Amino acid sequence: MKNKSFILKILENDKGGKIVLSTLAVVVFVVSFCNLFVPSSSAFYISTFTVTILGKYLAFALLALALDLVWGYLGVLSLGHGAFFALGGYGLAMYLMRQIGDRGVYGNPDLPDFMVFMNLKELPWFWYGFDNPLFTFIMIMLVPAILAFVFGWFAFKSRVTGVYLSIITQAMTYALMLAFFRNDMGFGGNNGLTDFKDILGFDLQADSTRVGLLIITFLALTLGYLICRFIINSRLGRVIISIRDEESRVRFIGYKVEQYKVFIFVVSAILAGIAGALYVPQVGIINPGVFSPLFSIELVIWVAIGGRGTLYGAIIGAIVVNFASTYFTSALPEVWLYALGGLFVLVTLYLPKGVVGLISQIDSKLRKAK
Amino acid sequence: MKILKIILLNLLILSSLIASDLQSDSQELLTNSYSKKETVILDLTKKYKSEKKFEYLLQKLLAGDLYYTKNDNRIVFLKEKKESNYLTVDIFSGEKLSEASKYDFKKVKINNKLRNIIKASLAKINLFSTDEDKRLNSAKNLLKNLKLDDKEIIIEALQSEKSSNIRDILDEANTILIAQYGTTEEKYKAVDKLGGFISSKTLATLKDVLNNSEDEKLKTIAESSLDIVEIKKSIYSFIETAFFGLSMGSVLLLAAIGLAITFGVMKVINMAHGELIMIGAYTTYTIQQLFPNLIEYSVIIAVPCAFIVSGIVGILIERLVIRHLYGRPLETLLATFGVSLILQQLVRTIYSPLNQEVKTPSWMSGAWEVNSSLFLTYNRLYIVIFSVMVFLAILYVMKKTSLGLKVRAVSQNRPIARAMGIKSSFIDAATFGIGSGIAGVAGVALSQLTNVGPNLGQAYIVDSFMVVVFGGVGNLWGTLIAALTLGEINKFIEPISGAVLAKVIILVFIILFIQKRPRGLFPQKGRDAQD
């Protein structure tokens, strides 16, 4: 029970977090139950499609959480967080490709289909080890972490800040996108990686696997949330918030600002990488489009709409915007881009603290009225 | 006078005699033997190479339209087929024959060997054409497929040719022939002289001499000539690459210069900048749709129109959105990104999501051929000139006009500028309008290079920011140098790495560069530089 009290301690004074996480827990439980144990003829049955969509939203929520950590608390607006997400995604996709074995169209047990198609004779060196789940798991975290470390170390050391940092993070993901679009990069070019069959021996098409993935994603999101919360509550958290608010003063006091920044940036990248790895098996494909600056900016918008600087706000933002996006792109595709664009403008102009800020504003007004 | 008249008269008679000769000589073509036809064509070519009618005959023969009447062997060409009837024209008199059954005619058949001979003959005929372009093309063709048989005709043409350009080509062809077939002494001279030319034929000849000749002295001469040719060639290819780099740099400059004002001067990150470029490109398209008869001028008309349209959209964006966000650059980024989505969707709704084709006026297509290994395309040339003009105009407005002075004042210190009586909100709107208008003008130029579609802007937004950041924010000269540098670097590493990788390398380079010099090539100095 000591463990539980530890979690509760992290969530102390975090009403919003508690509400969001417990609501999500209930939703995930109901959806899973209604998918697996209710007959498909029943009105309470929830389709596997919904399970998958929900899983995707939760993966996005984890990504938004990662961004909120660096943007909301460290004041570093990364316009390239999609890159870490994509790298994690590609990592898992490589494992999934290796699991296909000889069941591909070309039936080649040693090479994925697209490599046979491109007349590759041998597996490129960077594909080695990806048939091992443990190795893959490590890589999913390590590769984004290394990129974030190298990039962050260079950038923060030379005090690239604010707008400039945003623009070069955008350049970073843009450069990666161009590279991954190349067929000879060994990552499937513009088609990306797809046609996955199973994961750790479980059939990816099976309902139970889908539900399993949803639950794992939820657990990862919860764990990610707790980690972020833990960081924020700690002394470290107070330092990074101070860096956000007045960087030069923190530096004058004697803190090594760069080291704090790099550390948080790396943690955030790892979370983003894990989010990507959870996204891929549920969606069934990853392609270089995820590296596009557009995706990374959209993700900033999720956080902005939810409310930056409140971790649970990022989760709400990601889920709400993506839900709206799924709904409108099928119902009113024309209207959706206008609405999304308008949302960006209105939220920045009138809701600087996002939906969460609006709720607390209303809340405090009601209290005053009492 | 009398004598002159007589001579003229005689000439007339002579020419008519020749014409009739051609008519009768041509009768020899009407044989079934291909080898006979070959010799006839070669003979006729020698005799009648300056005769327009003969050229026409050869063209019709090559096209397979030459026939003769079965009953009286008149040579005619087919004008129109009407079921089983032919409408034909006499090739010499130009007289239209009445419609007759196709069984009354016989085709003058040719085979592939003949076809080549006819082509060669036509080339020779063209070498003496009155049209200079025809002569030039013919000389070039001759040089490309050089044969010993051509020697006579080359020398003949050299004597009468006046254009130095064509003479050079003929001279080169002649020299190559001497280098190949002349006497030893002649060969020495010719091979030495070949160092003065640059065509690939010269290069091939010199290499051939170097590899196959047994004469050591000739080989040494060939070697030194070859060195000269290769140096020249590499210089020209260097110039060409530099020019491509320059034109790419100009495109970058055009795309970035509006941003240099809105971002550099006003500290506003306008993510909709790409869409303002797109609006300029669509303005060009719209003008071409509205005035289909003015394609030649539409680009010129589009420049002020695009400036106004994009400028107005820019002012609207400034008044409605950005005005509320001054001093919060990251927020302007988010809001204008929303604006860019709306503008893209607007264009999709109005014009369809597909790419539209913008026509290139004829004066912008084609290439300026400096010499046989250096071509500069006109559209790129014009874009270089155009972007320089735009740059100078902006520079003038910013440095020499009172508006420019006020813009700089407001951007440096808003409260003090206001205290001095400058209407800062008006200046903000005007500055943003100018920056946006320039983006529209860039769009007009881009519409001549790439597809015009809703995603046009996105393709340039990252590049534009890179240029401005690399050059140093708030510095127009820095933007110029950054754009040209990036264009040149890109074009020079492209042949080694490929286009996509070149771009990746550039982006990585800029990322690393910013780590070293976070404020770009030419950082702003002074108290206000720190924000």
Side-chain angles (χ1 to χ4, degrees), chain A residues 71 75 77 79-80 151 153-185 248 292-294 297-298 300-301 303-305 308 333-350 352, chain B residues 263 267-269 271-272 317 320-325 328-346 348-349 454-455 458 461-463 465-466 468-469 473 498-520 530-531:
Chain A
W71 185 31
L77 175 55
L79 294 183
F151 190 89
W153 195 75
F154 271 119
F156 299 135
K157 256 267 159 14
S158 47
R159 303 197 190 166
V160 180
T161 49
V163 174
Y164 296 89
L165 192 89
S166 302
I167 289 173
I168 61 167
T169 50
Q170 193 180 24
M172 172 192 77
T173 192
Y174 187 62
L176 281 168
M177 177 180 80
L178 291 177
F180 271 73
F181 262 120
R182 284 166 57 94
N183 280 324
D184 52 357
M185 262 295 273
S248 46
S292 75
L294 183 76
I297 295 177
E298 253 185 60
V300 170
I301 298 307
V303 178
I305 287 176
R308 74 183 255 222
E334 284 269 302
V335 175
W336 170 238
L337 274 174
Y338 287 122
L340 189 67
L343 217 57
F344 283 26
V345 178
L346 294 178
V347 168
T348 14
L349 284 184
Y350 299 110
Chain B
F263 177 46
K267 310 281 184 309
V268 168
I269 306 188
M271 291 301 282
I317 297 174
L320 293 174
V321 180
I322 293 169
R323 183 161 66 102
H324 308 285
L325 299 169
R328 289 148 71 196
L330 292 177
E331 265 96 339
T332 59
L333 187 155
L334 297 180
T336 50
F337 186 73
V339 173
S340 86
L341 288 184
I342 294 174
L343 290 177
Q344 277 177 46
Q345 190 56 32
L346 201 65
R348 283 196 196 100
T349 313
N455 297 328
Q458 302 223 308
I461 188 75
V462 176
D463 286 339
F465 271 114
M466 288 301 116
V468 176
V469 167
V473 170
V500 177
L501 213 57
K503 219 164 175 192
V504 175
I505 292 170
I506 294 253
L507 286 170
V508 173
F509 163 73
I510 294 176
I511 291 172
L512 290 176
F513 180 85
I514 290 179
Q515 325 281 1
K516 274 273 151 236
R517 297 189 66 155
R519 304 273 160 208
Q530 277 311 306
D531 59 331

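By convention in this document, chain letters (A, B, ...) are assigned in the order of the sequence lines, proteins followed by strands, and residues within each chain are numbered from 1. For clarity, every value in this text was computed on a predicted model and none was experimentally measured. Scope of the values below: all heavy atoms of this structure, side chains included, with no hydrogens, waters or symmetry mates.
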*Asks:* Which one, B:I505, B:L325, B:L501, B:I506, leads in non-hydrogen pairs under 4.5 Å with chain A?
*Replies:* B:L501

*Asks:* Heavy-atom count around A:F154 CZ within 6.0 Å, excluding the residue itself: above 12?
*Replies:*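 Count not over threshold, so no.
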
*Asks:* What distance separates A:S166 OG from B:F465 CZ, expressed to the nearest 0.5 Å?
*Replies:* 10.0 Å

*Asks:* Heavy atoms only, distances under 4.5 angstrom: which of B:V508, B:D463, B:T349 has the most pairs with chain A? Name it, please.
*Replies:*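 Ranked by contacts with chain A, first place is B:T349.
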
*Asks:* Using non-hydrogen atoms and a 4.5 Å limit, figure out which bit of A:A304 sits close to chain B: side chain, backbone, both or neither.
*Replies:* side chain

*Asks:* Checking heavy atoms, do the side chain of B:R517, its backbone, both or neither come under 4.5 Å from chain A?
*Replies:*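 When you check distances to chain A, no heavy atom of B:R517 falls under 4.5 Å.
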
*Asks:* How far does CD1 of B:I342 sit from CG of A:L343, to the nearest 0.5 angstrom?
*Replies:* 10.0 Å

*Asks:* How long is the span from the OH atom in A:Y174 to the CD1 atom in B:I511, to the nearest 0.5 Å?
*Replies:* 12.5 Å

*Asks:* Going by the angle between their ring planes, with limits at 30° and 60°, are B:F337 and A:F344 parallel, tilted or perpendicular?
*Replies:* parallel

*Asks:* Tell me, side chain or backbone of A:I301 under 4.5 Å from chain B's heavy atoms, or both, or neither?
*Replies:*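 When you check distances to chain B, only side chain atoms of A:I301 fall under 4.5 Å.
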
*Asks:* In Å, rounded to the nearest 0.5 Å, how long is the span from CD of A:Q170 to CE of B:M466?
*Replies:* 7.0 Å

*Asks:* Please evaluate residues A:Y338 and B:L341 with respect to the criterion side chain to side chain contact (heavy atoms under 4.5 Å, CB included), reporting the C-alpha separation (whole Å), side-chain torsions for both, the decisive distance (0.1 Å), and the verdict.
*Replies:* CA-CA 7 Å; A:Y338 287 122; B:L341 288 184; over 6 Å; no

*Asks:* Between atom CG of A:L337 and atom OG of B:S340, what is the distance when rounded to the nearest 0.5 Å?
*Replies:*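 Interatomic distance, A:L337 CG to B:S340 OG, rounded to 0.5 Å: 9.5 Å.
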
*Asks:* B:I269 versus chain A, heavy atoms under 4.5 Å apart: side chain, backbone, both or neither?
*Replies:*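 The side chain, not the backbone.
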
*Asks:* Using non-hydrogen atoms only, which part of B:Q344 is less than 4.5 Å away from chain A: side chain, backbone, both, or neither?
*Replies:* neither

*Asks:* Under 4.5 Å heavy-atom distance to chain B, tell me which part of A:W71 shows up: side chain, backbone, both or neither.
*Replies:*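 Only the side chain of A:W71 comes within 4.5 Å of chain B.
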
*Asks:* Measure B:V462 against the heavy atoms of chain A and call it side chain, backbone, both or neither at under 4.5 Å.
*Replies:*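 Just its side chain gets close to chain A.
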
*Asks:* Begin with the C-alpha distance, continue with both residues' side-chain angles, and end with the deciding distance and a verdict on side chain to side chain contact (heavy atoms under 4.5 Å, CB included) for A:Y164 and B:V469.
*Replies:* CA-CA 7 Å; A:Y164 296 89; B:V469 167; 4.0 Å; yes

*Asks:* Between B:L507 and A:M172, is a side chain to side chain contact (heavy atoms under 4.5 Å, CB included) present by the stated rule, with each step listed?
*Replies:* CA-CA 7 Å; B:L507 286 170; A:M172 172 192 77; over 6 Å; no

*Asks:* In terms of heavy-atom pairs under 4.5 Å with chain B, which of A:L165, A:L79, A:I297 leads?
*Replies:*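 Option with the top pair count is A:I297.
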
*Asks:* Of the non-hydrogen atoms in B:V504 and A:A179, which two are nearest, and what is the gap between them?
*Replies:*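 Where B:V504 meets A:A179 most closely, the heavy atoms are CG2-N, 3.9 Å.
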
*Asks:* Output the distance between atom OG1 (A:T348) and atom NE2 (B:H324), rounded to the nearest 0.5 Å.
*Replies:*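 Answer rounded to 0.5 Å: 11.0 Å.
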
*Asks:* Under 4.5 Å from any heavy atom of chain A, what part of B:L333 do you find: side chain, backbone, both or neither?
*Replies:* side chain

